[in-house]
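See below for the structure under consideration.
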Amino acid sequence: MSGDHGHGDFQVNSGSKGSDSHKHKDKHKDKEHRHKDHKRDKEREKLKHGNSEHKDHSEKKHKEKEKLKHSNGSSDKHREKHKEKDKDKEKRREEKIKSSHVDKPKKEKENGYVRDTSPAAIKSEPEEDNGSYPSPQHNKTSKREHDDEEFEYKPKKVKTEHDKKAKKRKHEYEEEEEEEDIKPKKKTKDKKVTEGKKAKKEEEEKWKWWEEERSTDGSKWRFLEHKGPVFAAPYEPMPDKVKFYYDGKPMKLNAPAEEVATFFAKMLDHEYTTKDIFRKNFLKDWRKEMTSEEKSKITDLNKCKFSEMSEFFKAQSEARKQMSKQEKLKIKEENERLLQEYGFCIMDNHKEKIGNFRIEPPGLFRGRGDHPKMGRLKLRIRPQDIIINCSKDSKHPKPPPGTKWKEVRHDNKVTWLASWTENIQGSIKYIMLNPSSRIKGEKDWQKYETARRLKKCVGRLRTQYRDDWKSKEMRIRQRSVALYFIDKLALRAGNEKEEGETADTVGCCSLRVEHIKLYPKMDDQEYVVEFDFLGKDSIRYYNKMPVEKRVFKNLQLFLENKQPEDDLFDRLNTSILNKHLQELMDGLTAKVFRTYNASITLQQQLKELACPDDSLPAKVLSYNRANRAVAILCNHQRAPPKTFEKSMQNLQTKIDEKQNQLSAVRKHLKAAKSDHKASHDDKSKKILEMKRKAVERIEEQLMKLQVQATDREENKQISLGTSKLNYLDPRISVAWCKKWDIPIEKIYNKTQREKFAWALDMAEKDYEF
DNA sequence: GTAAAGACTTAGCAAACTCTGT
DNA sequence: ACAGAGTTTGCTAAGTCTTTAC
């Protein structure tokens, strides 16, 4: 533990949800929002002005400090510039959003990425590797050669063609899978003969992309074909009997306004429809959808009554639950059909699952935490908003009848199949592949490899940043202290965010003075830093950590002459930090530390908690505990399930019952024993054995329940899923399962097994992260 | 060099589904 | 068959980091 920090000593922080209780610059922000709500479109200026007043104050301080500490400071200037630019930025964004929703004559669009060498060229010489892919310098494995020889782009052929080579490759795979070797060929043949297509399909499912070479030229695919996205169902007007009331009087709304009204009605039960910002944003955007007549009438949201609509939807969903089996089945089948048609694409030679093939339906935006844009209308996305990405030589997806895509491009430097610009933040949304796909899996694998490389040099880096705490230069001290936090506490990098555009959350580099408190002495510890801030998704991070004296002194220095709302690390941002990291190790960025520390913690914890004699449930509990240690490190929280208390009680009742049962059975056992002693006959012996077994069985059941209770209690506010899915090298878990003979299903469910197929296949029991 | 845009990963919540005990 | 609990999946917001534009 001491000075050097092996990560057995990660800091447990007892954070809690903070969105509402955590008042965070509330006054300041509230004012801002109200201000803005009045005049979003035109009057950004004023808002910005308001901000700059507030900033000026702190900027003066910055300058003072700058004089104090040596510096080359340009950061203040940046801020000024930043502010200026904000206005333009706003305007541009709005223009962009608008334009993306207006049918405008298509720009001649030639994106520079599309290279002639791409699919088309390859297509013309499918037998040969023509140099553009895979890149010439890499050696091919024999497997890859097969692949290339049977190069085939058209999906139909992929499916129907049964050439020799395909068979041959299949055999190879089978042989690898089954070591005993004699059978496979026959088995495969049989399968093929009897099941034809199915066997082919299975092969597809089992495709081991991780045994193939990876592209090195930056292209993400050679061939891509898909059917385009599925659009949200069109709006169905309310039946006439369902009325909307304004000011007590029924009022028939035109479809566009009515639709938006239903969005609000559907949310009526949510607390946030009572929030000021939400209501203001909503009304404003709603009015945009109204006819001028409606607009002149409806001016006050408080006079609107949506309750009939709301009831209607409740009844509707109730009715859906009550549907007959058949009806439900029909819906299920329809969904399945849609999935089959639109849920897959062909990428290179393989059919791959798409992650999100449905376009997000229109509705009201609800950001997380205290979001300034909550309640705004998320517009319906139409075909003319969509950019399609696919191979030139693929069958292009057809837009719905009577519509056009915004653009069809052929960019194999990116992985997405379709994209559109969303109207709330003006950001781009994508349709991409499922985590089980090659393209995602490769990246994931690579991520863990980078983290493993960090493992090899983390000692060196730690020595260096500790050294840097003593630097003469402020920027270096800040950088090194920030890095220490990132490493030790697994904080996120903390990019700058535009004020007023999103909830006020921070990460390491964007921490402000108000987010930490220094305690030279606290209880029996020295140099304690208390962190209290809202991180990603407005999840509160609360933690107290004793730090080394040098870090403490540095923090004191950083805090000098600053206001609460000033940046703690005023000489640092993520780009500076990452540039530095990049120099220390190829591919190193701030988030690699999170991956590394999460994975290494799991591995260590698993070792530590290992107890060979434990039963299976006890082992699984140990795993969950190790997983939990990571979740706590990464601050992955969840709202305690609504039914938590009750379900805990139920479990306790079960345990009590089981305990009673146990003592009863024990009594029986005792009786059986004395019976047997007395009579010594076969019958009593049999009974004795039976009772003995019963006791054992019930003991085991009890133990299981107790373990379950412990596990659940400890998990109340912790969410294990996020770390399991994103931070823990799956090979660690797979290896652990193999080592202790735990069925992998105890650790990973089906989806997770699909995502981690590569790890399942390649990790042996001795795998070391 | 810097800001903005773009691409992609990470995140928690809630609806949908499944399982279990009655 | 059913309710209720538990688990999985879908959804999409919110981050990080890279690339592009100026």
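A note on names: the letters A, B, ... follow the listed sequences, proteins ahead of strands, and every chain is numbered from 1. Given the structure is predicted, the values throughout are model-derived calculations rather than measurements.
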Where the side chain of [X] meets the backbone of [Y], is there a donor-acceptor pair that is under 3.5 Å apart?
X	Y	result
A:Asp285	A:Arg376	no
A:Asn389	A:Trp416	yes
A:Trp405	A:Asp385	no

- Message: Reading DNA chain B from 5' onward, which residue's closest nucleotide shows up sooner: A:Lys440 or A:His270?
- Response: A:Lys440
- Task: May I ask you to say whether A:Glu700 pairs ionically with A:Lys658, meaning some side-chain N is under 4.0 Å from a carboxylate O?
- Result: no
[N] [atom2] sits how many Å from [X] [atom1], rounded?
X	N	atom1	atom2	answer
A:Ile576	B:dA3	CD1	P	11 Å
A:Leu720	C:dG6	CG	C1'	14 Å
A:Arg594	C:dT16	CZ	P	9 Å
A:Lys328	B:dT18	NZ	P	12 Å
A:Asp269	B:dA14	CG	P	12 Å
A:Asn749	B:dA16	CG	C1'	15 Å
A:Lys266	B:dA14	NZ	C1'	15 Å
A:Arg320	B:dA16	CZ	C1'	11 Å

- Pick out which of A:Lys275, A:His270, A:Lys378 makes a side-chain contact (heavy atoms from CB on, under 4.5 Å) with A:Arg366. A:Lys275
Checking all strands, does [X] fall into the base, sugar-phosphate, or nothing category for heavy-atom contacts under 4.0 angstrom?
X	value
A:Asn578	sugar-phosphate
A:Ser419	nothing
A:Lys750	nothing

Give a yes/no on whether any side-chain N or O of [X] is located under 4.0 angstrom from OP1 or OP2 of [N].
X	N	value
A:Lys220	B:dC8	yes
A:Arg712	C:dG6	yes
A:Thr722	B:dG12	yes
A:Tyr430	B:dT9	no

- Item | Output field: ring centroids A:His371/A:Phe365 closer than 6.0 Å | yes
- Query: Less than 6.0 Å separating the ring centroids of A:Tyr342 and A:Phe357?
  - Reply: no
Distances for protein N/O vs nucleotides 10-15 of chain C N/O pairs under 3.5 angstrom?
unit_1	atom_1	unit_2	atom_2	d
C:dA13	OP1	A:Lys378	NZ	3.1
C:dA13	OP2	A:Lys429	NZ	2.3
C:dA13	O4'	A:Arg368	NH2	3.4
C:dA14	OP1	A:Arg368	N	2.6
C:dA14	OP2	A:His371	NE2	3.4
C:dA14	O4'	A:Asp537	OD1	3.4
C:dG15	OP1	A:Thr505	OG1	2.8
C:dG15	OP1	A:Asp537	N	3.2
C:dG15	OP2	A:Lys497	NZ	2.8

- Against the side chain of A:Ser647, the closest entry in C:dG6, B:dC8, B:dA11 is C:dG6
